[in-house]
Trainee: 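Shown below is the structure under consideration.
What you see below is based on every heavy atom in this structure, not just the backbone, and it leaves out hydrogens, waters and symmetry mates. By convention in this document, chain letters (A, B, ...) are assigned in the order of the sequence lines, proteins followed by strands, and residues within each chain are numbered from 1.
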Number of protein chains: 2
Amino acid sequence: MGKVERTPRDVRSRGTGEARILRAAERNFARYGLAGATLAQIARDAGMSTAALHYHYRDKETLYRAVLEHILRLWLDETAVIEPGNDPRRALEAYVRAKMRFARIFPDASKIFASEVLGGAQRIAPFLADVLRPLVDAKSSVITGWSRAGKLRTLDPRHLLFVIWGATEFYANFAAEIEVVAASSTQDVRFMEEAEDTVVAIVLEGVLPRR
Amino acid sequence: MGKVERTPRDVRSRGTGEARILRAAERNFARYGLAGATLAQIARDAGMSTAALHYHYRDKETLYRAVLEHILRLWLDETAVIEPGNDPRRALEAYVRAKMRFARIFPDASKIFASEVLGGAQRIAPFLADVLRPLVDAKSSVITGWSRAGKLRTLDPRHLLFVIWGATEFYANFAAEIEVVAASSTQDVRFMEEAEDTVVAIVLEGVLPRR
DNA sequence: GTCTATATTTTGATAGAC
DNA sequence: GTCTATCAAAATATAGAC
């Protein structure tokens with residue numbers, strides 16, 4: 001036969017060593033938390049020994065921080081639609097839908113972020129202070145501008161953002177609870193479309209002026 | 001002097017042994033999670049040795065389940081106001097305010113519950129299935145009844161509940177994030193009153209019919 | 001880069017005195 | 001009921017060969 005190229009042995013060995021480790025670590029940290037996840041299990045999932053894992057990442061803390069950074073890059077800036085020139089109705093609808101899609105597509109990222117904040121958010125404090133806070137301040141100004149122009153009810157824009165964050169991230173972080181009390185999976189497309197429409201409706205009617 | 005009565009030695013020794021342990025365990029599990037919390041630290045906080053702790057609770061799992069049960073009893077049924085005869089506006093406002101107060105007064109309970117759900121909710125599955133789900137079903141019927149009577153917009157009542165839960169519990173579980181991006185403490189009364197009013201306003205305007 | 005084997009540390013849990 | 005001392009298990013991290 002012709003020349004042998006890259007030889008993927010099995011599913012777990014897709015991609016480079018670091019990528020496999022990061023994927024495995026993300027799953028495990030999301031499921032068990034930083035303290036609950038074990039390097040032995042992560043190494044197994046990545047298809048290598050713990051020694052090999054330590055070759056790529058000095059220690060558990062270093063690996064965890066690498067996962068966090070990977071996640072924060074995913075924490076895409078969907079707030080881009082919140083701009084002064086845009087129509088508040090369209091902008092907020094697009095933002096809520098983007099957040100809901102994120103919750104469905106990257107539940108592990110959401111859970112790790114939630115777990116880190118639950119534990120005090122010390123490791124992501126720089127991100128919160130240097131990236132998220134300026135973003136919140138900027139978008140708050142935009143929202144306040146909409147209110148002053150009579151396009152939106154008068155409210156503290158930060159709490160509007162918190163309501164949107166709380167509601168949308170709930171579908172990722174509390175999926176286990178939802179599946180029991182709603183008897184539906186957060187991976188079920190129809191169910192999540194209804195969820196999306198309902199959240200959009202409540203938020204829009206909740207903030208747009210009465211007509 | 002007169003006869004010596006109960007002799008409180010220091011602050012940590014208030015109450016009976018079990019109560020002191022439960023309080024210390026609640027703090028530690030909320031801060032570090034089940035896997036992250038250590039019995040040594042819990043015992044220290046409770047003012048006793050790990051051996052004494054093991055005398056009261058066989059093992060870590062037993063202690064954790066005791067904390068969970070204590071918390072689930074706290075998970076008061078504030079949904080009591082959601083009754084067919086009541087006015088939806090007053091009922092939903094009362095419910096949201098009760099949930100917000102709970103988030104401020106019992107943040108540790110909220111965090112432990114969140115951490116457990118994040119981890120799969122396996123230990124509280126019976127509670128979710130036997131208590132919370134029937135409650136959700138019953139209250140969903142009430143809300144649907146309000147909608148049919150034209151007192152409320154038409155929507156899936158479960159998603160309304162999820163929006164309320166997500167938004168209100170966000171203030172407890174993501175307090176560390178809020179304190180950085182909003183530069184306000186979730187223990188600050190003024191800040192939380194504004195939060196409460198904003199969440200109430202969005203939810204009410206979001207679900208009440210247009211006038 | 002990855003392995004096997006092993007060292008080190010942490011932590012949960014027990015024994016036995018008081 | 002609580003203590004000191006200790007054990008046992010689990011998990012992190014390293015050594016050294018390949």
Trainee: For B:Gln41 and C:dT10, what is the distance between atoms CD and P respectively, to the nearest whole Å?
Mentor: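 Checked: the CD to P distance equals 14 Å.
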
Trainee: Please tell me which of the listed nucleotides, D:dT12, C:dT11, D:dA13, lies nearest to the side chain of B:Thr38?
Mentor: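 From the listed options, C:dT11 comes nearest.
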
Trainee: Which of the following nucleotides, D:dT2, D:dT14, C:dA13, is nearest to the side chain of A:Thr50?
Mentor: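 It is D:dT14.
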
Trainee: Does A:Lys99 come within less than 4.0 Å of A:Glu169, counting only side-chain N to carboxylate O?
Mentor: yes

Trainee: Do A:Thr62 and A:Asp59 pair up side chain to side chain, a donor and an acceptor below 3.5 Å, judged on atom types alone?
Mentor: yes

Trainee: Measure from CZ on B:Arg44 to C1' on C:dT10 and round the result to the nearest Å.
Mentor: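 In whole Å, C:dT10 C1' and B:Arg44 CZ are 13 Å from each other.
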
Trainee: Strictly below 4.0 Å: does B:His56 bring a side-chain N or O up to OP1 or OP2 of D:dT2?
Mentor: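 Indeed, a polar side-chain atom of B:His56 lies that close.
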
Trainee: Which nucleotide sits closest to the side chain of B:Met48: D:dA13, D:dT2, C:dG12?
Mentor: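 Closest nucleotide to the B:Met48 side chain: D:dT2.
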
Trainee: What's the OH-C1' distance between B:Tyr57 and D:dT2, to the nearest Å?
Mentor: 16 Å

Trainee: Using only heavy-atom distances, determine whether the side chains of B:Ser110 and B:Asn173 contain a donor-acceptor pair under 3.5 Å.
Mentor: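 Note: B:Ser110 and B:Asn173 side chains meet the donor-acceptor criterion.
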
Trainee: CG of A:Asp59 versus P of D:dA13: gap in Å, rounded?
Mentor: 5 Å

Trainee: Over 60° means perpendicular and under 30° means parallel, so classify the ring planes of A:Trp75 and A:Phe113, tilted if in between.
Mentor: parallel

Trainee: Can you identify which nucleotide, out of C:dT2, D:dT2, C:dG12, has its nearest atom closest to the B:Ser49 side chain?
Mentor: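 For the B:Ser49 side chain, the nearest candidate turns out to be D:dT2.
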
Trainee: When the distance from CD1 of B:Ile42 to P of C:dA13 is rounded to whole Å, what number comes out?
Mentor: 11 Å

Trainee: Taking the minimum atom-to-atom distance to the side chain of B:Leu39, which one of D:dT4, D:dA13, C:dG12 wins?
Mentor: C:dG12

Trainee: Determine: side-chain N/O of B:Tyr55 to OP1/OP2 of D:dT2, distance under 4.0 Å, yes or no.
Mentor: no

Trainee: Measure from the side chain of A:Ala51, starting at C-beta and using heavy atoms only, and say which of D:dA15, D:dA13, C:dG12 lies closest.
Mentor: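 Looking only at heavy atoms from C-beta outward on A:Ala51, the closest nucleotide is D:dA15.
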
Trainee: Rounding to an integer number of Å, can you tell me how far B:Lys60 NZ sits from D:dA11 P?
Mentor: 11 Å

Trainee: Over how many whole Å does the gap from A:His54 atom NE2 to D:dT14 atom C1' extend?
Mentor: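 A:His54 atom NE2 is separated from D:dT14 atom C1' by 8 Å.
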
Trainee: Base, sugar-phosphate alone, or nothing: which one does A:Ala37 contact when heavy atoms must sit under 4.0 Å apart?
Mentor: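 Since only primed, P, OP1 and OP2 atoms lie under 4.0 Å of A:Ala37, the category is sugar-phosphate.
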
Trainee: If I take atom CG in residue A:Leu53 and atom P in nucleotide D:dA11, what distance separates them, rounded to the nearest angstrom?
Mentor: 15 Å

Trainee: Could A:Glu18 and A:Arg23 be called an ion pair, given the rule that one side-chain N must be under 4.0 Å from one carboxylate O?
Mentor: no

